[in-house]
Amino acid sequence: MTQKPDLVINGGELVVEGIGGNHQYEFKKDGFIYECAIIVLGEKNSPPARLRIYKGTKVTLSQDATIVSR
């Protein structure tokens with residue numbers, strides 16, 4: 001995590017899903033939506049986080065993620 005990121009997007013929106021703690025941050029740029037989901041309550045094998053990138057309504061990337069603290 002010492003390298004500069006390839007992409008920085010500001011001004012995201014917090015989306016809360018019910019009262020279980022799951023939430024996501026959505027960022028929009030150049031026709032893409034970047035969705036960073038934090039999974040607090042999930043299924044047995046759920047990752048702690050997931051990144052999805054959409055172009056319109058089509059998912060162009062979906063991958064599990066790890067939460068990194070400073």
Side-chain angles (χ1 to χ4, degrees):
M1 299 302 303
T2 59
Q3 297 177 345
K4 284 182 109 177
D6 293 332
L7 176 67
V8 176
I9 306 172
N10 296 310
E13 178 182 340
L14 172 63
V15 179
V16 178
E17 299 177 11
I19 60 171
N22 291 356
H23 58 284
Q24 62 195 30
Y25 298 92
E26 293 183 0
F27 300 87
K28 298 176 182 179
K29 183 172 178 138
D30 299 332
F32 288 91
I33 298 173
Y34 299 83
E35 178 185 279
C36 302
I38 308 300
I39 303 166
V40 177
L41 291 176
E43 296 179 13
K44 183 178 180 180
N45 296 322
S46 293
R50 180 171 293 124
L51 170 67
R52 285 197 177 118
I53 301 174
Y54 297 85
K55 176 71 174 179
T57 58
K58 183 181 177 185
V59 176
T60 61
L61 177 109
S62 178
Q63 70 181 44
D64 294 348
T66 302
I67 297 173
V68 179
S69 299
R70 288 184 186 208

(request) Using atom types as modelled and distance alone, determine if a side-chain donor or acceptor of T60 lies under 3.5 Å from a backbone N or O of I53. (result) yes
(message) Nearest 0.5 angstrom please: S62 OG to R50 CZ, how far?
(response) 5.5 Å
(message) Would you say I67 ends up clustered with V15 if hydrophobic residues are merged whenever their side chains have heavy atoms under 4.5 Å apart, either directly or through other cluster members?
(response) no
(request) May I ask whether Y34 and V59 are part of the same hydrophobic cluster, defined by side-chain heavy atoms of I, L, V, M, F, W, Y residues being less than 4.5 angstrom apart, directly or through others? (result) no
(message) Tell me whether I19 at atom CD1 has more than 12 heavy atoms from other residues, nucleotides or ligands lying less than 6.0 Å away.
(response) no
(message) Treating N22 as the side-chain partner and E17 as the backbone partner, does any N or O pair qualify as donor plus acceptor under 3.5 Å?
(response) no
(message) In this structure, would L51 and Y25 fall into the same cluster of hydrophobic residues linked by side-chain contacts under 4.5 Å?
(response) yes
(message) So which atom in P47 and which in A65 form the shortest heavy-atom distance, rounded to 0.1 Å?
(response) CB-O, 4.4 Å
(request) Look up atom CD in E26 and atom CD in E13, then write down how far apart they are to the nearest 0.5 Å. (result) 6.0 Å
(request) For S46 and I39, work out which heavy atoms get closest and say how close. (result) CB-CG2, 4.1 Å
(message) Working note: F27 + I33, criterion side-chain contact (heavy atoms from CB on, under 4.5 Å); need CA distance, chi angles, decisive distance, verdict.
(response) CA-CA 6 Å; F27 300 87; I33 298 173; over 6 Å; no
(request) Take N10 and V8 through the test side-chain contact (heavy atoms from CB on, under 4.5 Å) and record every step on the way to the result. (result) CA-CA 7 Å; N10 296 310; V8 176; 4.2 Å; yes
(message) Pair K29, L7 - check side-chain contact (heavy atoms from CB on, under 4.5 Å), show working.
(response) CA-CA 10 Å; K29 183 172 178 138; L7 176 67; 4.1 Å; yes
(message) Can you tell me how far apart CD (Q63) and CZ (R52) are? Round to the nearest 0.5 Å.
(response) 11.5 Å
(request) Show your working on side-chain contact (heavy atoms from CB on, under 4.5 Å) between L14 and H23 and close with a plain yes or no. (result) CA-CA 7 Å; L14 172 63; H23 58 284; 3.8 Å; yes
(message) If I compare all heavy atoms of I38 with all of A49, which pair ends up nearest, and what's the gap?
(response) CD1-CB, 4.3 Å
